[in-house]
Every structure is written in C-alpha cells, then in structure tokens.
Amino acid sequence: MQPLSNDLIKAALDGRGFSYFVDADGDIAGNFQGNLIYFFRLGERREILQVRAMMQHVFSVEEVPRLYEFCNTWNRDQLWPKAYVQVTDEGQAIVVGEVTTDWEHGATLQQLDQVILCGVATGCRLGEALGELKSGPPRSA
C-alpha cells in the first residue's frame, strides 16, 4: 500500500499506455475518445481520487431539463460514473461524470489501476450515450 500521489496515478496511466498531460495547476488529465478526463486528488490530505470526465458533447441551456432526465436515468441504471449537468460560463450545458474513491489508508498500483480504468471506460460510455442523445430528435415537452 502506498499513499495516493501524482506519481502513483501516472504509473497506473503509464501501465495502461494511456496518454496524459499535467496542466498548469499540476492536475493530471487526458483525452479519451474526445472526452477530457481529469484525475483529481481531493481531500484534506489529497487522499481522494476523483476521475472526472468532461463530456465532449455541448448542449444549449434550453436542453437542461432533458439533460437532467438523462442524468437521472443514467444514475438510476448505471453504477458509474455518477453524472450531472453543469452550465458553463458561456451559457452552454455539459454533462460531467465522476468516479470517486477514498484512499485514506493507501492503495496498491493494481487497485488504483482498476479505479482509473473504471473511470475512463465508464466515462467514455457516458460520452457515447450523450452522443446518441445529441444526434437523436429533440423531445417535445
């Protein structure tokens, strides 16, 4: 068991051959099937890993009720990632997916690998479902 660290996250990503970058704030992220996925360390001791998938599909603010319905259905039917709607400063609506795990007592590289793989794979699946929603006909109220 090791404490959660950026080096451990990078080792798990490297082990999968995933491409990633470190932004100006020191956060690790990568582009997975067009979705921007971050690997945030949160918590008092930065012991919580949050795999946060920012979906590539952008919607108008008028579609927020439809997106709420989509997220509620997704969260009822899928264990991961938990999905929610976010309105950007530009007035657009996006869906974000999150897989969060507390590693207060440390983690092995194999455990971290499983959570990262879960976050990336299910985040991409959420992105695919949103793509189908976006390309489908708008629903009438």
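- The hydrophobic cluster containing L112 also contains L117, counting ILVMFWY residues as joined when their side-chain heavy atoms lie under 4.5 angstrom apart, directly or transitively.
- In terms of heavy-atom proximity, R45 sits nearest to R41 at O-NH2, 4.4 Å.
- Atoms CG and CD1, on L4 and I9 in that order, are 4.5 Å from each other to the nearest 0.5 Å.
- E63 contributes atom CD, which lies 12.5 Å from atom NE2 of H57 (distance to the nearest 0.5 angstrom).
- Here the closest non-hydrogen pair linking G91 and V61 is O-CG2, 2.5 Å.
- Applying the side chain to side chain donor-acceptor pair (under 3.5 Å) test to pairs two or more places apart or on separate chains, those with a residue in residues 20-31 are D14-Y20.
- Although no hydrogens or angles enter the test, the distance criterion places a donor-acceptor pair under 3.5 Å between the side chain of Q111 and the main chain of T108.
- One finds the CZ atom of F59 at 11.5 Å from the CD atom of Q92 (value rounded to the nearest 0.5 Å).
- Looking at M54 and Q86, their side chains come closer than 4.5 Å, going by heavy atoms from C-beta outward.
- Looking at every heavy atom in both residues, A93 comes nearest to V85 through CB-CG1, 4.5 Å.
- Cluster membership for V87 and L126, using ILVMFWY side-chain heavy atoms within less than 4.5 angstrom, is shared.
- In terms of modelled atom types and a separation under 3.5 Å, the side chain of Q56 and the main chain of Q33 share a donor-acceptor contact.
- The two residues G123 and A53 make their nearest non-hydrogen contact at CA-CB, 4.1 Å.
- Taking both residues in full, the closest heavy atoms of R66 and L133 are given as NH2-O, 2.8 Å, listed atom of the first, atom of the second, then distance.
- Side chain of D113 to main chain of L109: no donor-acceptor pair is present (N/O by atom type, distance under 3.5 Å, no hydrogens or angles).
- Side-chain heavy atoms closer than 4.5 Å link hydrophobic residues (I, L, V, M, F, W, Y) into clusters, and following such links, even through other members, never connects V22 to Y38.
- Tracing side-chain contacts under 4.5 Å through hydrophobic residues (I, L, V, M, F, W, Y), one never reaches V99 starting from V96; they form parts of separate clusters.
- Note that CZ of F70 and NZ of K134 are 12.5 Å apart. Values are rounded to the nearest 0.5 Å.
- The closest side-chain donor-acceptor pair between Q78 and R125 falls under 3.5 angstrom.
- Between the side chain of W74 and the backbone N or O of P81 there is at least one donor-acceptor pair closer than 3.5 Å.
- The backbone N or O of G97 lies less than 3.5 Å from no partner atom in the side chain of K82, so there is not a single donor-acceptor pair.
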Note to self: Is there a side chain to side chain donor-acceptor pair (under 3.5 Å) between Y84 and E98? Walk through the geometry before answering.
What the structure shows: CA-CA 9 Å; Y84 60 90; E98 294 179 356; 2.6 Å; yes
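- In the hydrophobic clustering of ILVMFWY residues, with side-chain heavy atoms under 4.5 Å counting as a link, L49 and I37 come out together.
- Going from atom CZ of F21 over to atom CD1 of I28 covers 10.5 Å, rounded to the nearest 0.5 Å.
- In this structure, V51 and G119 approach most closely via the heavy-atom pair CG1-CA, 3.7 Å.
- Considering CG of N35 and CD of E128, their distance stands at 8.5 Å, rounded to 0.5 Å.
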